[in-house]
Amino acid sequence: MTSETGKQISIRNAVPGDMDIVIALDVGQKEEKQAYWQGIFDHYVKRGRKDRIFLVAEVDAAVVGFIVGEVRAWEFGSPPCGWVFALSVSPRFREMGIGKRMFDEICACLKKIGVATVRTMVDREDRLILSYFRGMGFRSGRYIELEKQIV
Ligand SMILES: CC(C)(COP(=O)(O)OP(=O)(O)OC[C@H]1O[C@@H](n2cnc3c(N)ncnc32)[C@H](O)[C@@H]1OP(=O)(O)O)[C@@H](O)C(=O)NCCC(=O)NCCS
């Protein structure tokens, strides 16, 4: 498919060789990023399962974005639902519709598995990610996050 700017965008399943570019695209402030992504690739890419979905977006055969999600069942009493827990698009390729394409594709995968609801969690201070998920149709759900400082 072609983006609004005429670039050729394709979405495919991630493969083990995508790890370095995914680490480079990850904007999070994780300690031990390499170890974190190694664990995610082991669980979501190498041990392929249809309820764990890791997609990458390519423009002209170069990876420029990724999205990761899965089906979680009966956490906090919730029937099976989809969760999206990581995504990023290279700053040079943002606002071209790639984030939306990846989200539409992960929803298509989740629907095939049979779930009807998708959830995520966002930092309330992060305007960009909030705007993105609102643009994708997300609204406040029935669950609320609670937390307490214990040290
Ligand atoms: C959020 C992100 C994935 C969006 O990717 P993208 O390819 O630029 O998104 P799209 O072009 O498909 O835009 C989809 C929607 O997101 C919203 N959006 C995207 N960029 C935006 C911006 N700069 N300001 C406000 N809203 C924006 C809009 O609602 C947009 O829909 P619209 O074009 O119909 O208005 C990208 O900005 C990014 O990687 N941000 C950093 C990632 C991050 O913070 N990840 C942490 C969570 S794990």
Side-chain angles (χ1 to χ4, degrees), residues 1-46 48-49 51-73 75-76 78 80-113 115 117-147:
M1 188 185 275
T2 307
S3 77
E4 295 142 24
T5 55
K7 293 210 178 285
Q8 198 66 35
I9 301 169
S10 56
I11 312 289
R12 63 164 171 81
N13 287 318
V15 296
D18 293 325
M19 194 169 87
D20 287 347
I21 182 69
V22 164
I23 291 173
L25 289 168
D26 176 14
V27 295
Q29 304 293 316
K30 299 173 187 70
E31 285 177 29
E32 304 192 20
K33 233 181 186 188
Q34 180 87 25
Y36 172 81
W37 283 109
Q38 186 66 64
I40 297 289
F41 269 76
D42 287 348
H43 284 89
Y44 292 78
V45 177
K46 293 181 186 159
R49 277 175 39 169
D51 58 353
R52 294 177 182 166
I53 306 157
F54 195 145
L55 304 174
V56 296
E58 286 184 324
V59 170
D60 299 334
V63 173
V64 299
F66 68 85
I67 190 164
V68 196
E70 66 185 348
V71 177
R72 297 184 191 165
E75 284 177 341
F76 317 109
S78 166
C81 67
W83 273 86
V84 170
F85 66 85
L87 93 150
S88 185
V89 172
S90 165
R92 280 184 51 220
F93 292 90
R94 288 182 189 170
E95 298 185 47
M96 295 179 184
I98 294 171
K100 181 175 184 332
R101 280 284 314 281
M102 295 195 301
F103 181 73
D104 289 346
E105 189 63 34
I106 205 166
C107 286
C109 298
L110 290 166
K111 274 189 207 163
K112 268 190 219 153
I113 300 167
V115 300
T117 304
V118 60
R119 298 192 166 108
T120 192
M121 196 151 68
V122 298
D123 178 342
R124 68 179 73 230
E125 304 296 329
D126 190 337
R127 295 290 174 93
L128 174 56
I129 206 75
L130 267 169
S131 172
Y132 168 77
F133 278 115
R134 286 192 72 83
M136 297 304 100
F138 280 70
R139 298 295 181 260
S140 297
R142 58 172 293 146
Y143 296 92
I144 55 170
E145 184 227 5
L146 301 176
E147 65 184 31

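Numbering of ligands and ligand atoms starts at 1, following listing order. Index from 1, following the sequence. Everything quoted here is computed from the prediction, not taken from an experiment.
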Test of proximity, Arg101 against ligand 1: N or O pairs below 3.5 Å:
no
Out of Val56, Ile21, Ile98, which residue meets the side chain to side chain contact (heavy atoms under 4.5 Å, CB included) rule with Val64?
Ile98
Are more than 12 heavy atoms from other residues, nucleotides or ligands located less than 6.0 Å from atom NZ of Lys112?
no
Centroid separation Phe138 to Tyr132 less than 6.0 Å
no
Please list, in number order, the atoms of ligand 1 under 4.0 Å from a heavy atom of Met136.
14 (C), 15 (C)
Under 4.0 angstrom from ligand 1, any heavy atom of Arg134?
no
Out of Val68, Val89, Val84, which residue meets the side chain to side chain contact (heavy atoms under 4.5 Å, CB included) rule with Met102?
Val89
Does the ring centre of Trp37 sit less than 6.0 Å away from the ring centre of Tyr44?
no
Check: Gly99 N/O within less than 3.5 Å of ligand 1 N/O
yes
For atom 3 (C) of ligand 1, which candidate among Val122, Ile129, Leu87 holds the nearest heavy atom?
Leu87
Output yes when a side-chain donor or acceptor of Arg72 lies under 3.5 Å from a complementary backbone atom of Cys81, and no otherwise.
no
I'd like to check whether Leu128 has a polar contact with ligand 1, where a contact means an N/O of the residue lying under 3.5 Å from an N/O of the ligand.
no
Close N or O approach (Gly97, ligand 1; < 3.5 Å)
yes
